[in-house]
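All remarks here apply to the structure that follows.
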Amino acid sequence: MDYFVRKIGTWWKWLQRWTYAAAVLTLVHWAALHDWNGAVSALVHFGPLTALEAYRVWYWYLRPWPKVV
């Protein structure tokens, strides 16, 4: 994986950020396929993804950091 990060260079972060938009569009597409009646089933499948992303945001930005003595 590090090889590809080096190979892509500065575009790596751009690509990584666009995957979030792709995930949201996938959710909308999935719900639209079922005439918007399948929104609940789509959310059930995206629930774990949302939970993991919320944990990542909490871990890196919101958790209390230990004090350095």
Side-chain angles (χ1 to χ4, degrees):
M1 193 66 170
D2 289 339
Y3 168 76
F4 290 110
V5 172
R6 284 191 307 272
K7 192 78 170 162
I8 295 175
T10 58
W11 285 97
W12 176 254
K13 201 55 146 170
W14 177 84
L15 177 65
Q16 188 179 25
R17 288 187 178 137
W18 274 100
T19 57
Y20 297 118
V24 170
L25 290 174
T26 301
L27 174 65
V28 170
H29 174 71
W30 191 347
L33 279 175
H34 301 286
D35 295 327
W36 300 100
N37 294 331
V40 173
S41 66
L43 288 174
V44 166
H45 285 88
F46 276 85
L49 178 66
T50 304
L52 287 171
E53 188 62 29
Y55 174 75
R56 185 180 76 87
V57 168
W58 173 81
Y59 185 83
W60 287 108
Y61 300 109
L62 303 175
R63 74 179 169 131
W65 291 88
K67 294 184 180 185
V68 177
V69 180

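Note that these values count all heavy atoms, side chains included, but never hydrogens, waters or copies made by symmetry. Computed from a predicted model, the values in this text were never measured in an experiment.
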Check your understanding: Linking I/L/V/M/F/W/Y whenever any side-chain heavy atoms sit under 4.5 Å apart, do L27 and Y20 land together?
Key -> no

Point to revise | side chain to side chain donor-acceptor pair (under 3.5 Å) partners for R63, two or more places apart | key: none

Exercise for review: Please answer: with hydrophobic residues joined when any side-chain heavy atoms are less than 4.5 Å apart, are L52 and V24 in the same cluster?
Suggested key: no

Check your understanding: Given L62, which of Y59, W58, W60 fulfils the side chain to side chain contact (heavy atoms under 4.5 Å, CB included) condition?
Key -> W58

**Study point:** W14 vs I8 side-chain heavy atoms within contact, under 4.5 Å
**Key:** no

**Study point:** Residue pair W12 / K7, side-chain heavy-atom distance below 4.5 Å
**Key:** no

Practice item. Answer with yes or no whether the hydrophobic clustering places W30 together with L49; edges join I, L, V, M, F, W, Y residues whose side-chain heavy atoms lie under 4.5 Å apart. Key: yes

